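Here the structure is a predicted model, which is why all the values come from computation and not from measurement.
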Amino acid sequence: MKSITIHGIDAELEQKITEIANETGYSQNRTIKYILQKTLKTDKKVSKRDSFLDLFGTWSDEEKKDFETRISDFETIQISDWK
């Protein structure tokens, strides 16, 4: 695939790209490709997951394990609660 270099990106645009990259956990390169795909490929179906990426963050494997550990008590059924 061809590489493209973009010259003259102003500070405000660079800051916005950096903010989106930090929010999504993507690199700046992947963020720019995501923005271009989202805006230029409007005729193709976007997966449901990709449709909501700008609304929700992503978890690392470690964060997922930590969350599952913290909610594990909710998975236990207390028989006494049902009597």
query = Considering residues at least two apart in sequence or located in another chain, which fulfil the side-chain contact (heavy atoms from CB on, under 4.5 Å) criterion with Ile77?
reply = Ile79, Trp82
query = Is it true that the NZ or CZ of Arg70 lies under 6.0 Å from the centre of Phe67's six-membered ring and within 45 degrees of the ring axis?
reply = no
Measuring from atom [atom1] of [X] to atom [atom2] of [Y], what distance do you get when rounded to the nearest 0.5 angstrom?
X     : Y     : atom1 : atom2 : result
Leu13 : Ile6  : CG    : CD1   : 8.5 Å
Gln78 : Asp73 : CD    : CG    : 8.5 Å
Ile20 : Ile32 : CD1   : CD1   : 9.5 Å

ask   = Is the count of non-hydrogen atoms from other residues, nucleotides or ligands lying under 6.0 Å from Glu62 atom CD greater than 12?
value = no
request  = Say whether, by atom type as modelled, one donor and one acceptor occur between the side chain of Glu63 and the main chain of Ser60 under 3.5 angstrom.
outcome  = yes
message = Run the side chain to side chain donor-acceptor pair (under 3.5 Å) test against Ser80 and tell me which residues pass, sequence neighbours left out.
response = none
key: Note, Ile35 side chain near Lys33 side chain (heavy atom, < 4.5 Å)   = no
ask   = Applying side chain to side chain donor-acceptor pair (under 3.5 Å), which residue pairs with at least one partner in residues 4-15 are found, sequence neighbours left out?
value = Gln15-Glu19
query = Should Tyr26 and Trp59 be regarded as members of a common hydrophobic cluster, given that ILVMFWY residues are connected when their side-chain heavy atoms come within less than 4.5 Å of each other, either directly or indirectly?
reply = no
ask   = Does a side-chain N-to-carboxylate-O contact under 4.0 Å join Lys65 and Asp61?
value = no
